[in-house]
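What follows is a single structure, written as structure tokens, with notes after it.
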Amino acid sequence: MHELGWSDVKEGHGSASDRQDKLTDLLLYRRPFTRPEEPSVPLRSLVSLAFTALLAGCSSQPASEPEATQPVELSKAPHSKLLNELSGTLIGAPEGSEVELALLEVDRRDQPDRLLSNLLLSGRGSALPFILQFNPDSFPAGQRVELRGRVTQDGQLIMRLPPRQIHSPASQALGPLRLVPAP
């Protein structure tokens, strides 16, 4: 049987019943369902291989493992290139203690006048690195500014950082700072 098309149903050739039969055959004739072509096996395996390589690259471990150190906690101040920082290491904070560092404007009677920045850390029983960020524009000209710290454990003050005067609003590395027992 040859394939029927609309050109086979023309007027002029054959009888009306022939045309009707051809039209009926055309409407009843269905082409077999063909699936769209799927990618060839080499293409499918190539895509699988690329996907596997991508996953393997994302999950691989670094060649050399760095020393296990606790991350340095940053202040809650928004990170910006406009902020300066005081950095250093606190020596003597017991494990499980809470350490608070504060950058304070201090009045003539050695009383805190205004908080410029602060940072909360958890003691580890070893050297505790810190980075305290502050806005240099809030640093008062002609006033005394100090870095102070206190260590509490179970709500009790157990240690303190002797006041350290900060003379300029520039970023500074203060080095190791030793905590002393609280009076």
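Any value given below was found using the heavy atoms of this structure, including those in side chains, with hydrogens, waters and symmetry copies removed. Counting begins at 1 with the first residue of the sequence.
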Q.
Hydrophobic cluster membership, with links at side-chain heavy-atom distances under 4.5 Å among I/L/V/M/F/W/Y: are L86 and V106 in one?
A. no

**Q.** Closest non-hydrogen atom pair between F134 and A170, with its separation
**A.** CZ-O, 4.1 Å

Q.
Could you measure the distance from the CG atom of L101 to the CG atom of L128? Nearest 0.5 Å is fine.
A. 8.0 Å

Q) What residues form a side-chain hydrogen bond (donor to acceptor under 3.5 Å, both in side chains) with R150, not counting sequence neighbours? A) E100

**Q.** All side-chain hydrogen bond (donor to acceptor under 3.5 Å, both in side chains) counterparts of D113, not counting sequence neighbours
**A.** none

Q.
Contact between R148 and P112 at the side-chain level, heavy atoms closer than 4.5 Å - yes or no?
A. yes

(Q) Please report the interatomic distance CZ(R164) to CG(L174), rounded to the nearest 0.5 Å. (A) 5.0 Å

Q: Kindly determine whether F130 and T89 satisfy side-chain contact (heavy atoms from CB on, under 4.5 Å), including the steps that lead there.
A: CA-CA 6 Å; F130 70 88; T89 305; 5.8 Å; no

Q. How many angstroms lie between atom CD1 of I131 and atom CG of L119, to the nearest 0.5 angstrom?
A. 9.5 Å

Q. Take atom CD in E98; do more than 12 heavy atoms of anything else shown fall under 6.0 Å from it?
A. no

Q: Using the test salt bridge (charged side-chain N to carboxylate O under 4.0 Å, His left out), find all partners of R108 that sit at least two apart in sequence or belong to another chain.
A: none

Q. Do S171 side-chain atoms and N84 backbone N/O form a donor-acceptor pair below 3.5 Å?
A. no

Q. Residues in side-chain contact (heavy atoms from CB on, under 4.5 Å) with P140, at least two apart?
A. E105, R114, L116, Q143, V145

Q | Shortest non-hydrogen contact between V99 and A93, atoms and distance | A | CG2-CB, 3.9 Å

Q: State which residues pass side-chain contact (heavy atoms from CB on, under 4.5 Å) with L115; sequence neighbours excluded, sorted by chain then number.
A: A102, L104, N118

Q.
Quick one, R124 and P129 - any side-chain contact, counting heavy atoms below 4.5 Å?
A. yes

Q. If we only count heavy atoms from C-beta on, is the P162 to V180 side-chain gap below 4.5 Å?
A. yes

Q) Does the side chain of I91 reach to within under 4.5 Å of the side chain of L177, using non-hydrogen atoms? A) no

For a quick test of your reading: what N or O donor-acceptor pairs under 3.5 Å do the side chains of residues 151-161 make, sequence neighbours left out?
from: Q153; atom 1: NE2; to: E95; atom 2: O; distance (Å): 3.1

Q | From CG (L132) to CG (L83), nearest 0.5 Å | A | 10.5 Å

